[in-house]
Protein chains: 2
Amino acid sequence: MPSGFAQAELIAVLVAVTDNEPRVMTLRAGEALPSGPFETDHRSLQAGLRAWIESQTGHPVGYLEQLYTFADRDRDPRKHEEGGNPRPISIGYLGLVREQEAPGAGQPSWHSWYQYFPWEDHRDRRPDVLEAILADLDDWAKDGALRRQRIDYLFGLKGKPWNEDLTLQRYELLFESGLADWADKRENPELGRPMTGDHRRILATGITRLRSKIKYHPVVFELMPDSFTLLHLQRTVEALSGLRLHKPNFRRQVDQQKLIEETGEMSNGTGGRPAKLFRYRPAILEAQVLSNVRLSVSRH
Amino acid sequence: MPSGFAQAELIAVLVAVTDNEPRVMTLRAGEALPSGPFETDHRSLQAGLRAWIESQTGHPVGYLEQLYTFADRDRDPRKHEEGGNPRPISIGYLGLVREQEAPGAGQPSWHSWYQYFPWEDHRDRRPDVLEAILADLDDWAKDGALRRQRIDYLFGLKGKPWNEDLTLQRYELLFESGLADWADKRENPELGRPMTGDHRRILATGITRLRSKIKYHPVVFELMPDSFTLLHLQRTVEALSGLRLHKPNFRRQVDQQKLIEETGEMSNGTGGRPAKLFRYRPAILEAQVLSNVRLSVSRH
DNA sequence: TCCATTATACTCGAAATGAGTACTCTGGGT
DNA sequence: ACCCAGAGTACTCATTTCGAGTATAATGGA
């Protein structure tokens with residue numbers, strides 16, 4: 001019986017938020033996530049990936065977390081024909097880096113993740129693409145009441161609330177239903193930009209993980225510059241969650257948790273009244289704070 | 001530059017709760033977690049592991065979730081000397097199975113996980129072993145205020161609450177401090193039973209994951225028989241979390257979430273008044289229910 | 001018959017949550 | 001000089017959830 005030797009590959013979902021857009025680092029004109037072979041001369045997976053990313057991008061990675069290890073035979077249908085290749089094991093990571101300036105020439109590019117998942121951005125309104133998708137799904141839903149229920153639950157229909165954490169599950173449903181093919185060649189703008197292989201699924205995994213993580217762990221600050229205004233912080237959380245939040249409540253919670261402190265300086269107001277600048281509190285307990293950053297949603 | 005080929009290995013943390021004790025499946029007289037090479041003739045990691053476990057144990061696995069992929073060079077210090085071996089990549093899984101009867105001869109054995117982590121069981125009282133451990137740690141804590149704070153936070157000292165979810169972090173601290181060696185050969189009963197290699201760390205990862213998972217996802221029911229009393233359910237959650245819960249509040253929450261329904265039958269009371277039997281509600285939305293099974297702790 | 005043990009039904013105050021209102025600065029246009 | 005748009009900041013208020021405690025009901029065994 002053939003026993004498991006396989007090539008190990010690391011794949012990174014690198015996220016930054018610039019101009020209130022959540023962006024992900026991509027290669028090949030936005031078609032692929034950065035990835036590379038696992039070099040055996042590093043102490044650990046984590047250390048190896050960190051070094052590799054920093055050499056590739058020049059940006060330090062503030063936060064790095066393992067996402068998932070993929071090794072399904074049918075991960076990438078293109079490989080099916082090629083036969084004898086050992087099945088690759090891919091270890092996905094989620095990394096957070098601070099705001100990026102415009103990338104230099106030849107540099108990797110950062111794309112808003114809503115290019116890949118346009119139906120996930122609910123900041124202004126329920127996105128229009130959703131209607132188109134749901135219309136397409138109606139057909140698929142005819143085959144059973146459970147399908148209908150699942151759609152209603154995942155997309156917040158029939159009075160059920162939209163749950164921003166379910167990005168991966170929604171993507172999986174679209175895939176199951178045949179709407180989103182592995183590498184979708186059709187020009188269906190409502191289905192979002194495709195990626196190579198299963199990279200888009202890995203991105204969805206990263207988004208789902210990050211969206212749920214910000215609710216109970218202060219990782220947002222890994223995406224913020226040294227000092228920022230409360231609105232800037234709120235806009236960043238909104239960008240990630242794809243939701244609009246209630247300003248007074250957001251502020252109340254942020255300072256209840258004592259995670260930030262005033263720098264003493266004011267912002268040179270971009271719009272109205274100048275705002276106090278804050279900094280992340282030199283977190284004595286680091287990752288230890290339980291910080292329940294609940295998101296209080298609200299239109300308007 | 002040597003690039004990554006490695007042997008892939010699956011390691012399972014298989015959990016069941018019997019007699020109000022959380023048990024984990026072990027091999028070699030409780031010294032190792034079950035593990036095996038990743039066979040390439042399975043469709044996916046998940047499917048491969050499931051088949052393998054069922055053939056090994058005869059028990060179906062209700063719930064299976066990937067834990068973490070380990071590949072640190074210094075995972076197992078014994079390997080350091082041996083040189084040229086490719087570094088193994090181990091993919092850890094958490095699996096839940098229903099209550100087990102006594103194991104047959106030659107069968108794998110199930111041990112309470114508190115044998116390995118005696119300081120994690122706070123159901124009756126703060127365990128005595130904790131005092132011994134904390135005394136040992138005091139020495140280590142002298143080297144910096146942050147160490148002191150970390151200890152206080154992880155072990156719930158100085159008015160801070162005991163947080164049952166931090167099993168892994170506590171184990172890591174014990175390891176860092178030199179108290180728990182990889183394979184602790186000393187006969188320190190307060191440090192718990194050792195395991196081969198990094199198996200005990202993997203077990204800690206599983207416990208941490210399960211303890212936090214039961215709070216927002218109805219996985220407990222994968223450990224319950226078809227019908228059960230409310231107290232039985234409570235005792236199971238208590239066994240996993242290592243905490244004592246407040247009975248009225250536990251009941252209130254359980255039926256607010258509408259996850260269970262009466263079977264109509266009563267238990268043939270083991271103690272006092274007979275109790276209604278319940279069953280898990282044929283969960284229409286399956287994993288989709290958000291079920292905030294908050295644990296309301298309380299002595300007494 | 002008393003009692004230990006479990007089941008089950010309430011109460012009550014504190015805290016957290018969701019939603020809304022009002023008032024304060026600032027710069028830019030008219 | 002005045003107004004106003006855009007942002008900041010301080011409250012209020014009803015509802016829900018949470019943590020903790022009390023009271024009463026049904027069993028079986030000493």
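The model shown is predicted, which means the values in this text are computed figures rather than measured ones. A, B, ... follow the sequence lines: proteins, then strands. Residue 1 opens every chain.
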Length of the line joining [X]:[atom1] and [N]:[atom2], which is rounded to integer Å:
X: B/Asp255; N: D/dT17; atom1: CG; atom2: P; value: 13 Å
X: A/Gln257; N: C/dA16; atom1: CD; atom2: P; value: 11 Å
X: A/His246; N: D/dT9; atom1: NE2; atom2: P; value: 16 Å
X: A/Leu245; N: C/dT17; atom1: CG; atom2: P; value: 14 Å
X: B/Arg252; N: D/dA20; atom1: CZ; atom2: C1'; value: 9 Å
X: B/His232; N: C/dA7; atom1: NE2; atom2: P; value: 12 Å
X: B/Lys215; N: D/dC18; atom1: NZ; atom2: P; value: 12 Å
X: A/Arg235; N: D/dG6; atom1: CZ; atom2: C1'; value: 11 Å

Aromatic plane relationship, B/Phe155 with B/Trp162 - under 30° parallel, 30 to 60° tilted, over 60° perpendicular: tilted
Residue pairs passing the salt bridge (Lys or Arg N to Asp or Glu O under 4.0 Å) test where at least one lies in residues 228-243 of chain A, sequence neighbours excluded: A/Arg235-A/Glu238, A/Glu238-A/Arg244
Below 4.0 Å: OP1/OP2 of D/dG8 and any side-chain N or O of A/Lys247: yes
A/Arg98 side-chain N/O to A/Val61 backbone N/O, donor-acceptor pair under 3.5 Å: no
Flag, side chain of B/Thr167 to backbone of B/Ile207, donor-acceptor distance under 3.5 Å: no
Which pairs, protein N/O on one side and nucleotides 28-30 of chain C N/O on the other, fall under 3.5 Å?
none

Listed nucleotide nearest any side-chain atom of [X], set [options]:
X: B/Pro248; options: C/dC10, D/dA20, C/dA7; result: C/dC10
X: B/Arg251; options: D/dA20, C/dT8, D/dG8; result: C/dT8
X: A/Gln253; options: D/dA20, C/dT17, C/dA7; result: C/dT17

For A/Lys258, all residues meeting side-chain contact (heavy atoms from CB on, under 4.5 Å), sequence neighbours excluded: A/Arg281
Residue list, side-chain contact (heavy atoms from CB on, under 4.5 Å) with A/Glu265, at least two apart or on another chain: A/Thr263, A/Leu277
Side chain to side chain donor-acceptor pair (under 3.5 Å) partners of B/Arg252, counting only residues at least two apart: B/Asn249
Charged N-O contact under 4.0 Å between A/Glu172 and A/Arg150: no
Please write out each protein N/O paired with an N/O of nucleotides 24-29 of chain D under 3.5 Å, distance rounded to 0.1 Å.
{"unit_1": "D/dA25", "atom_1": "N3", "unit_2": "B/Arg273", "atom_2": "NH1", "d": "3.1"}

Any A/Phe250 side-chain heavy atom under 4.5 Å of A/Val254 side chain: yes
